[in-house]
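Just so it is clear, the model here is predicted, and its values are computed rather than measured.
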Amino acid sequence: MPSRDDSAMDVRRRFGGEPATGVLSTVAVVVVVVALLFVVRDAAYRATASGAVALPSVVGGVFEVVAELGIVVLAGVAVVLMWRARSRGLEHLAVAVVAAVSTVAAYVLSEVVKGFVHEERPCRTLSVRTVASCPAAGDWSWPSNHATIAGALATAVVVMAPVWWRLVVPLALAVGASRVLTGAHYWHDVVAGLAVGVLVVWFGTWALAPLAHRLLVRSVASGPPAWRRLLGQRYVPRYAATDRPDHGADDDAGDDAGDDADQERERPQTD
């Protein structure tokens with residue numbers, strides 16, 4: 001017998017199998033990369049920041065714009081896809097809702113980690129000219145919030161509409177790289193931030209989409225018409241599918257009774 005989650009399992013099939021193996025292998029790769037970048041963090045930062053300063057000022061201005069505008073574009077695409085999910089069924093809407101919640105969770109996790117680690121910005125600890133001014137004291141470096149948000153939004157978009165990866169993946173990488181090019185972060189800050197955003201949204205959506213689907217189904221069944229319209233669900237009166245056959249049966253019974261009466265009147269009198 002099919003389980004009640006069968007209609008929501010399509011979201012999990014998008015991830016290509018069980019999550020544990022993929023998550024563990026990805027985390028292992030990220031840990032190794034971050035560790036290697038941490039070892040050479042000063043040299044890598046100096047080379048990147050100095051190279052960016054040596055470029056024309058217009059190019060440096062582009063780096064600053066990419067960091068902010070890239071996130072705006074990613075957020076805009078995600079919002080459009082979330083709204084479109086309303087018309088594609090509750091399974092797609094469940095994916096969109098969980099992806100949005102996971103994106104917020106990734107940002108909160110990034111802030112919490114930064115508060116514990118307290119890594120100083122490289123533009124404060126190293127004597128290097130940078131394209132952008134250094135953030136205020138107390139605005140910690142690891143992991144990069146911009147990279148976390150960019151990675152989370154890009155993953156949310158890919159989860160909702162995989163075909164968009166050609167736009168959002170390069171854009172998220174550009175946002176992360178721009179944070180080093182402008183002098184605000186080390187490379188390992190950016191890689192860690194991207195990893196946090198991707199993993200939280202990816203695994204959160206895989207794990208919670210079936211639950212969100214069940215909750216949405218229940219809310220549509222018991223919620224007011226305004227809520228159903230907000231979720232893109234049409235209202236079907238309960239009597240539409242159940243009472244009509246009963247009325248039809250009553251009508252047939254009435255017709256049969258009328259036919260019997262006519263036959264009784266037409267029967268010849270024997271007395």
Side-chain angles (χ1 to χ4, degrees), residues 30 33-34 36-82 103-104 106-107 110-111 113-114 117-158 160-198 201:
V30 170
V33 172
V34 170
L36 293 174
L37 290 174
F38 181 80
V39 172
V40 298
R41 64 175 186 169
D42 289 354
Y45 174 80
R46 289 178 186 277
T48 305
S50 300
V53 170
L55 295 173
S57 58
V58 175
V59 178
V62 171
F63 293 153
E64 293 187 77
V65 170
V66 167
E68 307 300 332
L69 185 59
I71 289 180
V72 172
V73 172
L74 289 170
V77 174
V79 169
V80 170
L81 292 176
M82 285 186 63
T103 298
V104 176
Y107 169 73
S110 175
E111 282 289 343
V113 172
K114 291 180 77 164
V117 175
H118 285 186
E119 182 185 55
E120 194 64 76
R121 297 272 182 172
C123 50
R124 292 189 172 278
T125 59
L126 302 176
S127 299
V128 179
R129 288 183 57 200
T130 58
V131 171
S133 58
C134 196
D139 188 352
W140 308 112
S141 187
W142 192 89
S144 166
N145 278 343
H146 280 75
T148 299
I149 297 172
L153 287 172
T155 306
V157 168
V158 172
M160 290 185 283
V163 71
W164 282 88
W165 74 268
R166 295 176 179 85
L167 169 66
V168 298
V169 171
L171 189 54
L173 294 175
V175 169
S178 68
R179 298 300 289 164
V180 184
L181 291 167
T182 55
H185 283 285
Y186 295 106
W187 279 109
H188 73 279
D189 299 340
V190 168
V191 173
L194 288 171
V196 169
V198 171
V201 174

**Request:** With sequence neighbours excluded, give me every side-chain hydrogen bond (donor to acceptor under 3.5 Å, both in side chains) pair touching residues 129-138.
**Result:** none
**Fill in**
Closest non-hydrogen contact found for W142 with V34 is NE1-CG1, 4.4 Å
**Message:** Going by the rule ring-ring contact (aromatic ring centres under 6.0 Å, His included), which residues pair with Y45 if we only count those two or more places apart in sequence or in a different chain?
**Reply:** Y186
**Prompt:** Is the shortest heavy-atom distance from the side chain of S141 to the side chain of P135 under 4.5 Å?
**Reply:** no
**Item:** Sequence neighbours excluded, every pair satisfying salt bridge (Lys or Arg N to Asp or Glu O under 4.0 Å) that has a member inside residues 135-144
**Value:** K114-D139, R121-D139
**Request:** Please tell me if the side chains of P143 and V113 come closer than 4.5 Å, counting only heavy atoms from C-beta onward.
**Result:** yes
**Fill in**
Here the gap from E119 atom CD to H188 atom NE2, rounded to the nearest 0.5 Å, amounts to 3.5 Å
**Request:** Mark yes or no for whether S110, through its side chain, and A106, through its backbone, hold a donor-acceptor pair below 3.5 Å.
**Result:** no
**Item:** Point-to-point distance, once rounded to the nearest 0.5 Å, from NE2 of H185 to CH2 of W140
**Value:** 13.5 Å
**Prompt:** For F63, which residues count as a ring-ring contact (aromatic ring centres under 6.0 Å, His included) partner, sequence neighbours excluded?
**Reply:** none
Side-chain donor-acceptor distances from residues 161-179 under 3.5 Å, at least two apart:
residue	atom	partner	partner atom	Å
S178	OG	A174	O	3.4
S178	OG	V175	O	2.6

**Message:** Filter on salt bridge (Lys or Arg N to Asp or Glu O under 4.0 Å), then keep only pairs touching residues 42-64, sequence neighbours left out; what's left?
**Reply:** none
**Nearest heavy atoms of L153 and A75, plus distance in Å** = CD1-N, 3.7 Å
**Asked** How many angstroms lie between atom OG1 of T48 and atom CG of L181, to the nearest 0.5 angstrom?
**Response** 6.5 Å
**Message:** Ignoring hydrogens, what is the shortest heavy-atom contact between V128 and S50? Give both atom names and the distance.
**Reply:** CG1-OG, 3.8 Å
**Nearest-0.5 Å distance, OG1 of residue T155 to CE of residue M160** = 10.5 Å
